[in-house]
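So that the names make sense, note that chain A is the first sequence line, chain B the second, and so on, each numbered from 1.
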Amino acid sequence: MLVRLVLEFLGIGLFTYGGGLAMLVLLQDRAEELQWMGPAQFADMIAISQSTPGPIAINLATFVGVVQGGVAGAVAASIAVCVPGVLISLLVSRFLQTFAENPTVVHLLKGIRALVVGLIAMAVFQIAKISILVPEGQGGGLLGIFHPVSLVLLGVFVYGIARWDKHPLVYILLGGVLGVLAY
Amino acid sequence: MKMWLRLYMIFFKIGLVTIGGGYTMLPIIERELVVRHRLAGHDAVLDSFAMAQSIPGIVAVNTATLLGYRIGKTSKAIACFLGVITPSIIIISLIALAYGGASRIPWIEKALQGVRVAVLALLMVTVWRLLRRTVRDWFQAAVAGGAFLALLLFPVSPIAVIVGGGAASVCYYRWREGGSHAG
């Protein structure tokens, strides 16, 4: 159990370029296949990870770890997700000071940085399904698949974030308050 | 105080006061390491932060590892990396353990529904900003769009998309630079 968790997070850590958000699609993929958690719980986990101290990626790994294997799972998953990056950082520090200027690395990162945006967009698409669509089997028609209250809230939030750009925590707390009032 | 313990505590504090990770962490690292403790120079922090983004894994963790190595080789690097992830492990473990029961309380359920919409809005705005900042040429646009569509339309793993996109990126940019040298 714990071994499986460690192996999965070693893999996730190796293919994460950037941080927490770049990791989302990899996590979603594993969470779905290995039934770590449902999509609603997944969205809640992102909210918690963005609004509590620490790097988002570590918060996500800890959350999955706790759900799967208690505190031992949390420690194992969080350390495992760091190991590939830490090992490469140590190797680079020791042997490859010019790593970042290496042409292959530069070429790779140009594409990967753009690719990661596509990956994040996919994660966002999955979260849209759980946060603004009505559960399957209810509602009908093209517009009927959207939850009207959620759609209005989404518009308000997108406008607010683009306009004022406060810390994510502010919008997440506001979402909680509006949720209690509106649903 | 032993150096490794001192570094562990400094990075524990950095992990504790950063909410969200990534770029929010940079000014806090500078304040603690450069101004308060005088363990690293301004340039060392910026270099490490830039380098950390070229290495797979989590930017905050890689930055801590690279800075730790500069200050005192491998043992100090490990102290820094463990320090920066410890607050997350403690805080998220507590929250995740409480979450299971709390998410079934009706008003919290409603609040979480609102929170999920806020998370969606935050991520949508993030994707838009990343697209504008990252995508500079048609190849990058194709890679970002291609990654999204591949995951949406085919049962392909995100790791396969990252590996394929990375390889394509190295080939494309090498070919283009090769072409410009010849011409």
Side-chain angles (χ1 to χ4, degrees), chain A residues 13-16 19 25-26 29 43-44 46-48 52-59 62-63 66 71 74 78 82 84-86 88-89 93 100 104 107-108 110-115 117-122 124 127-128 131 150 153-154 157-158 161-162 168 171-172 175-176 178-180 183, chain B residues 15-16 19-22 51 54-62 65-66 69 74 77 81 85 87-89 91-93 95-97 107 110-125 127 130-131 134-135 140 143-144 147-148 151 157-159 162 165-166 169-170 173-174:
Chain A
L14 185 59
F15 287 97
T16 295
V25 142
L26 291 165
D29 179 66
D44 296 345
I46 299 171
I48 291 168
T52 47
I56 297 173
I58 304 300
N59 293 346
T62 302
F63 197 104
V66 175
V71 174
S78 302
C82 298
V86 167
I88 297 171
S89 296
S93 298
T104 305
H107 294 159
L108 176 71
K110 259 186 166 174
I112 289 285
R113 293 227 165 93
L115 185 136
V117 184
L119 299 184
I120 300 173
M122 186 60 201
V124 176
I127 291 155
S131 43
S150 305
L153 272 184
L154 180 67
F157 273 114
V158 169
I161 294 161
Y171 298 104
I172 285 168
L178 291 175
V180 174
Y183 288 102
Chain B
L16 188 64
I19 299 183
M51 175 82 89
S54 318
I55 295 170
I58 300 139
V59 178
V61 172
N62 294 347
T65 308
L66 292 168
Y69 192 91
T74 305
F81 129 66
I85 69 171
S88 289
I89 296 176
I91 294 167
I92 296 287
S93 291
I95 293 176
L97 290 171
W107 73 266
K110 286 183 182 177
L112 285 172
Q113 241 182 310
V115 165
R116 284 171 209 148
V117 177
V119 166
L120 176 62
L122 283 165
L123 291 175
M124 283 168 67
V125 174
V127 167
L130 281 175
L131 272 178
T134 313
V135 176
Q140 289 180 315
V143 165
F148 177 79
L151 290 172
S157 105
I159 291 180
I162 294 168
S169 177
V170 172
Y173 286 107
R174 178 170 294 170

Contacts of type side-chain contact (heavy atoms from CB on, under 4.5 Å), residue B:Val125, not counting sequence neighbours: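 Testing B:Val125 for side-chain contact (heavy atoms from CB on, under 4.5 Å), a comparison that skips the adjacent residues, returns A:Val158, A:Ile161, B:Arg129.
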Region of [X] that comes under 4.5 Å of a non-hydrogen atom in chain A:
| X | answer |
| --- | --- |
| B:Ile58 | both |
| B:Leu112 | both |
| B:Thr134 | side chain |

With chain A, which of [options] has the greatest number of heavy-atom pairs at distances under 4.5 Å?
| options | result |
| --- | --- |
| B:Val119, B:Val170, B:Leu122, B:Val135 | B:Leu122 |
| B:Ala144, B:Ala77, B:Gly15 | B:Ala144 |
| B:Leu131, B:Leu130, B:Ile89 | B:Ile89 |
| B:Val61, B:Ile91, B:Ile159 | B:Ile159 |

Side chain / backbone / both / neither for [X] at chain B, heavy atoms under 4.5 Å:
| X | answer |
| --- | --- |
| A:Asp29 | side chain |
| A:Leu154 | both |
| A:Val180 | both |

Shortest non-hydrogen contact from B:Leu151 toward B:Ser157: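 It is CD2-C, 4.3 Å.
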Is any side-chain heavy atom of A:Ile88 less than 4.5 Å from a side-chain heavy atom of B:Pro56?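 Side-chain contact under 4.5 Å: yes.
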Close side-chain approach of A:Pro55 and B:Ser88, heavy atoms under 4.5 Å: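 A side-chain contact exists here, since the closest heavy-atom pair is under 4.5 Å.
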Heavy-atom donor-acceptor pair, A:Asn59 side chain to B:Ile92 backbone, under 3.5 Å: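 Flag not set: sc A:Asn59 to bb B:Ile92 has no pair under 3.5 Å.
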Are the side chain of B:Ser169 and the backbone N or O of A:Gly111 linked by a donor-acceptor pair below 3.5 Å?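 The answer is yes, because a donor-acceptor pair under 3.5 Å joins these two groups.
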Selection from A:Val71, A:Leu178, A:Thr52 maximising heavy-atom pairs under 4.5 Å formed with chain B: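 Most heavy-atom pairs under 4.5 Å with chain B: A:Thr52.
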Among A:Phe63, A:Phe15, A:Phe157, A:Tyr183, which residue forms the greatest number of heavy-atom pairs with chain B at distances under 4.5 Å?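 Counting heavy-atom pairs under 4.5 Å, the top option is A:Tyr183.
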Quick one: list whatever passes salt bridge (Lys or Arg N to Asp or Glu O under 4.0 Å) with A:Asp44, sequence neighbours left out.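 So A:Asp44 forms a salt bridge (Lys or Arg N to Asp or Glu O under 4.0 Å) with B:Arg116.
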Would you please test A:Thr62 and A:Ser78 for side chain to side chain donor-acceptor pair (under 3.5 Å) and show each step? CA-CA 5 Å; A:Thr62 302; A:Ser78 302; 2.6 Å; yes
